[in-house]
Amino acid sequence: MLKLLLSIAMLTFVYVAKAEDGSKLWLRAEKNVKVKNVVTFKGKNDATTKIAVKELLDYWHGQRVSLLLNPQCGLKAGAYRVSSTSSKIEVTASSSEGLLYAAYALLRSQQTGAKLSDGDNAPAFDIRILNHWDNLDGSIERGYAGKSIWIWDEITESKKPMSRRTSLGKKSYECSPSLREHIVEYARANASIGINGLVLNNVNASPQMLSPIYINKVKAIADILRPYGIKTYLSVNFASPMALGGLSTADPLNPAVAQWWKDKAKEIYDLIPDFGGFLVKANSEGQPGPGDYDRKHSDGANMLADALKPYGGIVMWRCFVYGNKHKGEDRVKQAVTEFQPEDGLFRDNVILQAKNGPLDFQPREPYAPVFDQIKKTPLMAELQITQEYLGQSIHLTYLAPMWKEFFSFVSPNTLKGIAGVANIGDDTNWCGHHFSQANWYAFGRLAWNPDLSSESIAKEWILQTFATEVLTSALDIMLRSHEACVDYMMPLGLHHIFKADHHYGPEPDGNQPHFPEEWKPVYYHKADSAGIGFDRSSKGTNAVSQYREPYCRDYDDLATCPEEYLLWFHHVDWTYKMKNGNTLWQEMQSHYNRGVSEVENFVRIWHSLKPHVDEQRYREVDERLQKHLQNAREWRDVCLEYFGKFAEK
């Protein structure tokens, strides 16, 4: 009998551990044991509205819900209207996606205890998209949660022929059952936070992505994503006509090149009628582009835009360019230098996609001035969810405060869309670190409503992901974590002093002779006996001139430059007096020590939560926190020792 009880206990433990492995993300509502007739629907039924109804039938435990699909209700696509009484909630939308988003909003309110307010609820951005930097071999550039979830070898030719002939023939491809199930769970998670688009592959794109076999495979993925309101996009290699089409050039003004892209667009839309369009990285970090033929960015973007225009597709053309035409110029100025003269020359289905900061997803940057200088061409912001420069998936770093800082300078009303570089992989918990799920969640919520606070989003995520007893302490950690990361890595405007290539850990002495100057840490901090920092004032590279007032004036003056950006814009004497009376060197030491102290506190707080967290997630978070602390101490010790050689002479 004792053996039997022990066996049952072990089986129960295995089940609980598996159930709390993080794979459910924030979608943890208890399923109705017996389906109740609490949901009614009126309107034209389709796959998306069926999902909305099923989600509520499966997981909603409240009063009756009435869903009405009314294309003439006056709401924009994706929006919904709520009207409630004590006994019923009525939801109206002009699109089936609106009803789906409303269903997930109801479930979110149920899990968090926050009543869904009556009135209209609409997304701030039309385009709310995740950029996967996934490669065809399964690897992920800047991925820290395993391999790609797109397992191309598990998308194979179906025995069922296509219902109609296309330009790619009558072959049909389908995902294996396990892959299909995994993509459905992924689509469900994205739809629950309002994400409506996915770029499937790396911006450093392989031309093979546009080969017939991969277009067929992309169709199989697109068919799974579509019912969840998610469009499929692809990153494209600008030289694809040469690699795939046998052309001798990719010159955008060459008629044969333009025709190749038109034919390719037709191939894609024959299979995927709602295909979203192309994301392009051109003439940056060695990628091909129109500059190879002495053409403008607008020449290349417009050629692609013309190919997509008949089908309603868009081109997202990245502003992340440096070392192209303006070698030797301060890297943070080059996006404006290249794109401002072409503002207004782009087709109306071209959107310029710019990173939030002018350099490269650093722990803290001032906002990118391209958002000030581009006035006639639609813009979208690119944020990095994967923590390339923020401890990857080892450090617990909640990124919503960083993104909110960006939106305090750049009004969401000036943007057409928002993109996030995904932190998704095939790890069981999707993101490597359990708390990194919160960044994926926060991106989606801010993409829907950038007015939401970092605190309210964190509360939502915690209440849906952990026990209520965890809320206060976990919230405390999350809201302090980004500033702590800045403190122990690069306080006061320091930037780009990471170890080469993998960008994990400190290397302030980095001066690799085989790297370009703009990759070297010593190029950015410029520490010497006279001080530290990069002079971008009017007396230096004059990067301040690209900002609108009052920021141009404030950043230019050492006395008015915000201290969090001080060393970004100025080379400052070690003995310079800060606002609190400390010298610059004393303040640097204070920040580095405070950052480490914060992580030590995070470890203690997490340990206090052990009674309220399941064993597996508690242990896995603790293991990463221990590495986090070790790395924070390394940052402090290495940086203070190195900079001390200059400051204490």
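Here, residue 1 is the first one in the sequence, and each next residue gets the next number.
Aromatic pair H395/F602: ring centres not closer than 6.0 Å. Ring to ring, W430 and H182 are close: their centroids are under 6.0 angstrom apart. Taking the six-membered ring wherever Trp is involved, the centroid distance between the rings of Y186 and W440 falls below 6.0 Å. Taking the six-membered ring for Trp, W26 and Y441 have ring centres closer than 6.0 Å. The distance between the ring centers of H503 and Y389 falls below 6.0 angstrom. In this structure, the ring of Y214 has its center less than 6.0 angstrom from the ring center of W152. Taking the centre of each ring, W448 and F125 stay at or above the 6.0 Å mark. Between F466 and F435, the ring centre distance stays below 6.0 Å.
At a cut-off of 3.5 Å, with distance as the only test, a side-chain donor of T49 or D46 sits close to an acceptor on the other residue. A donor atom on one side chain and an acceptor atom on the other are found under 3.5 Å apart for Q387 and S436.
Geometric assessment of K217 against the ring of Y173 yields a negative cation-pi assignment under the 6.0 Å and 45° thresholds.
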For residues 495-502, run the donor-acceptor check on the side chains, cut-off 3.5 Å, and write out each pair with its distance to 0.1 Å, sequence neighbours left out.
unit_1, atom_1, unit_2, atom_2, d
H495, ND1, G493, O, 2.8
H495, NE2, R536, NH1, 3.2
K499, NZ, E634, OE2, 3.4
H502, ND1, Y504, N, 3.0
H502, ND1, Y504, O, 3.4

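Ring planes of W403 and F443: perpendicular class, angle over 60° (limits at 30 and 60°).
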Review point. Would D134 and S148 count as a side chain to side chain donor-acceptor pair (under 3.5 Å) if you check the C-alpha gap in whole Å, the side-chain angles of each, and the deciding distance to 0.1 Å?
Key: CA-CA 6 Å; D134 297 24; S148 172; 2.7 Å; yes
